[in-house]
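Numbering of ligands and ligand atoms starts at 1, following listing order. For this chain, numbers begin at 1 and follow the sequence in order. FYI, side chains are in, hydrogens and waters are out, and symmetry mates aren't considered; it's all heavy atoms of this structure.
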Amino acid sequence: MPNIAYQSPWMNDDLRTFRKTVRRFIQEELAPHQARWRQQHRPDAEAWTKAGEAGVLLTDVPEKYGGGGGTFAHEAVVTEELAQAGIHFGCGVHSIVAHYILAYGSEDQKHRWLAGMSRGELVGAIAMTEPGAGSDLQGIKTTALRDGQHYVVSGSKTFITNGWHANLICLAVKTDPKAAGLKGISLIIVERQNLAGYRVGSSLEKVGMHAQDTCEIFFDEVRVPVSNLLGSAEGLGFSQMMEQLSYERLSIGLGAVASSELALAITTKYVKERMAFGKPLMEFQNTRFKLAECKTQSHIGRVFIDHCIERFVAGQLDPVTAAMGKYWLTESQCRIIDECVQLHGGYGYMAEYPIARMWADSRVQRIYAGTNEIMKEVIAWSL
Ligand SMILES: Cc1cc2nc3c(=O)[nH]c(=O)nc-3n(C[C@H](O)[C@H](O)[C@H](O)COP(=O)(O)OP(=O)(O)OC[C@H]3O[C@@H](n4cnc5c(N)ncnc54)[C@H](O)[C@@H]3O)c2cc1C
């Protein structure tokens with residue numbers, strides 16, 4: 001029987017060449033620093049400008065705004081390479097912020113911010129979640145109240161990825177605290193440079209993803225120009241978030257698939273080398289069956305995410321399919337990695353083993369960007 005390797009249908013020669021550039025950048029500029037970044041709970045600031053120089057930021061933003069001029073397939077290559085190196089670097093969130101600006105920003109805003117983001121001089125964060133409101137965004141309490149040509153912003157956000165380094169924050173606020181439900185929510189861009197009243201808390205101590213920058217941020221009557229509102233009017237923030245969340249959910253689903261594939265490869269190698277009862281673990285039927293199940297699940301995930309990527313590139317990925325991807329692929333990732341830990345025995349629980357770190361890192365995938373329970377609600381609304 002010929003062993004015909006599966007190829008993602010969206011892959012082409014241009015992307016294969018780009019993949020080599022991304023892989024070299026990760027191996028030379030990110031991988032050597034991982035142990036130290038895990039200790040300090042964030043990458044070095046220079047990692048961002050180096051990523052900009054290497055051309056791995058904003059790969060799917062048009063060249064006229066300073067981006068790479070590619071499609072989501074280029075972002076997919078970056079996401080896959082990071083996941084397959086087991087590295088968490090917030091360039092996915094950075095891209096999400098760029099896409100909010102691209103979708104709702106004025107020409108002036110796009111020219112002002114996107115080129116700097118592409119060079120890694122501006123680092124993006126998206127700040128929706130608050131201590132009292134995560135899934136239920138209508139409960140946010142951060143306000144932005146008009147005072148002449150400025151908004152006066154007060155409140156706090158938590159769990160903010162890239163929070164430490166971010167100098168361009170896409171912030172969900174209530175511009176009309178009296179408006180019912182979600183109607184009073186707007187998105188404004190906060191430029192952090194020399195900003196009175198703005199404060200970043202210390203890095204949050206997480207269960208996994210220790211090298212990723214996650215912080216609380218605080219606003220005490222911070223003045224933001226009214227011209228930093230995203231969109232043509234106040235009150236559009238919730239619908240803007242709903243439109244853009246598919247991009248984030250697609251990226252997370254893809255990271256889940258790439259990480260499952262890595263776990264499978266690491267574990268297959270391990271069970272062929274590790275001996276018990278005088279033979280490699282691979283010779284036990286249970287090992288083979290577990291890995292056969294994992295491989296099947298991982299392949300189903302791959303085919304589904306490739307379908308989602310193709311639809312997204314064609315402008316046809318609907319929010320329900322994106323929610324299905326985020327939900328199912330992250331659940332599958334956690335199941336696969338958990339089986340892989342089991343097949344490593346005690347070594348699977350030791351932090352020096354990549355599979356142990358992957359286990360801890362993967363858990364949050366079911367929680368952020370909308371919990372998987374919220375994904376099921378989104379899917380169920382379509383029934
Ligand atoms: C490492 C990390 C990075 C993050 N990065 C960011 C970021 O960059 N920016 C940002 O804004 N946020 C970020 N988040 C926040 C994340 O998106 C929220 O944690 C998530 O949306 C859940 O909100 P919550 O934590 O308030 O949980 P809650 O909303 O309190 O939910 C608690 C539980 O209740 C369930 N639940 C809630 N409502 C319903 C419902 N209607 N039906 C059924 N079950 C429900 C949830 O599914 C969950 O199981 C990050 C979180 C983490 C941990």
### Query
Will you find, in the side chains of Ser298 and Glu261, an N or O donor that is under 3.5 Å from an N or O acceptor?
no

### Over-ring placement of Lys183 relative to Phe238, 6.0 Å and 45° cut-offs
no

### Message
Would you say atom 47 (O) of ligand 1 makes contact with the protein, given that contact here means a non-hydrogen protein atom less than 4.0 Å away?
### Response
yes

### Message
When you measure from atom 33 (C) of ligand 1 to the protein, is at least one non-hydrogen atom found at a distance under 4.0 Å?
### Response
no

### Task
Please say whether more than 12 non-hydrogen atoms of neighbouring residues, nucleotides or ligands are located less than 6.0 Å from CD in Glu107.
yes

### Message
Below 3.5 Å, N or O to N or O, backbone or side chain included: is there any such pair between Asp136 and ligand 1?
### Response
no

### Query
Does the N or O separation between Tyr368 and ligand 1 drop below 3.5 Å for any pair?
no

### Task
Please confirm whether Thr161 comes within less than 3.5 Å of ligand 1 when only nitrogen or oxygen atoms on both sides are compared.
yes

### Query
Counting both backbone and side chain atoms, is some N or O of Ala133 under 3.5 Å from an N or O of ligand 1?
no

### Task
May I ask you to identify the nearest protein heavy atom to atom 9 (N) of ligand 1, giving residue, atom name and distance to one decimal place in Å?
Ile126 O, 2.8 Å

### Query
Do the side-chain N and O atoms of Ser154 and Glu221 include a donor-acceptor pair separated by under 3.5 angstrom?
no

### Message
Taking distance alone, with N or O pairs closer than 3.5 Å, would you say Val364 contacts ligand 1?
### Response
no

### Task
Answer yes or no: does an N/O atom from Phe159 fall short of 3.5 Å to an N/O atom of ligand 1?
yes

### Query
Is the closest protein non-hydrogen atom to atom 4 (C) of ligand 1 under 4.0 Å?
yes

### Message
Looking only at distances, can you tell me whether any N or O atom of Thr371, backbone or side chain, sits closer than 3.5 Å to an N or O atom of ligand 1?
### Response
yes

### Distance flag, aromatic centroids of His94 and Trp48, threshold under 6.0 Å
yes

### Query
Of the protein's non-hydrogen atoms, which lies at the shortest distance from atom 29 (O) of ligand 1, and what is that distance?
Ser135 OG, 2.6 Å

### Query
What do you think, any protein heavy atom under 4.0 angstrom from atom 17 (O) of ligand 1?
yes

### Query
Considering only protein heavy atoms, which is closest to atom 40 (C) of ligand 1, and at what distance to one decimal place?
Ile374 CD1, 3.9 Å

## Note on the structure
The option among Thr129, Ile96, Ile217 carrying the non-hydrogen atom nearest to atom 12 (N) of ligand 1 is Thr129

### Verdict with reasoning, Arg36 to Asp44, per salt bridge (charged side-chain N to carboxylate O under 4.0 Å, His left out)
CA-CA 9 Å; Arg36 188 169 53 79; Asp44 295 334; 2.7 Å; yes

### Task
Return yes if a side-chain donor-acceptor contact under 3.5 Å exists between Tyr151 and Asn228, otherwise no.
no

### Query
Numbering the atoms of ligand 1 from 1, which are under 4.0 Å from a heavy atom of Ala369?
17 (O)

### Check ion pair Arg112-Glu191 (N to O, under 4.0 angstrom)
yes

### Task
Would you kindly say whether Asn372 and Thr330 are connected by a side-chain donor-acceptor distance under 3.5 Å?
yes

### Message
Students should be able to answer this: which protein heavy-atom is nearest to atom 49 (O) of ligand 1, and at what distance?
### Response
Glu373 OE1, 3.4 Å

### Query
Under 3.5 Å, N or O to N or O, is Thr214 touching ligand 1 that way?
no

### Task
For atom 42 (N) of ligand 1, grab the closest protein heavy atom and report residue, atom and distance to one decimal in Å.
Glu377 OE2, 4.1 Å

### Summary
Atoms of ligand 1 under 4.0 Å from any heavy atom of Ile367, numbered from 1 in the order shown, are 20 (C)

### Message
With a 4.0 Å cut-off on heavy atoms, is Val93 in contact with ligand 1?
### Response
no

## Note on the structure
Numbered in order shown, the ligand 1 atoms found under 4.0 Å of a heavy atom of Lys206 are 1 (C)

### Query
Do Arg16 and Asp13 sit within salt-bridge range, that is, some charged N less than 4.0 Å from a carboxylate O?
yes

### Query
Is the distance between the ring centroids of Tyr198 and Phe218 less than 6.0 Å?
no

### Query
Using 4.0 Å as the upper bound for N to carboxylate O, is an ion pair formed by Glu81 and Arg19?
yes

### Task
Please determine, by modelled atom types, if Glu273 and Tyr270 share a side-chain donor-acceptor pair under 3.5 angstrom.
no

### Task
Say whether Glu243 and Tyr104, considering side chains only, have a donor N or O and an acceptor N or O under 3.5 Å apart.
yes

### Query
Heavy-atom distance from atom 51 (C) of ligand 1 to the protein below 4.0 Å?
yes

### Query
Side chain, backbone, both or neither: which part of Lys157 has a heavy atom under 4.0 Å from ligand 1?
neither

### Summary
Closest heavy-atom approach to atom 26 (O) of ligand 1 among Cys215, Ala125, Gly134, Gly208 is made by Gly134

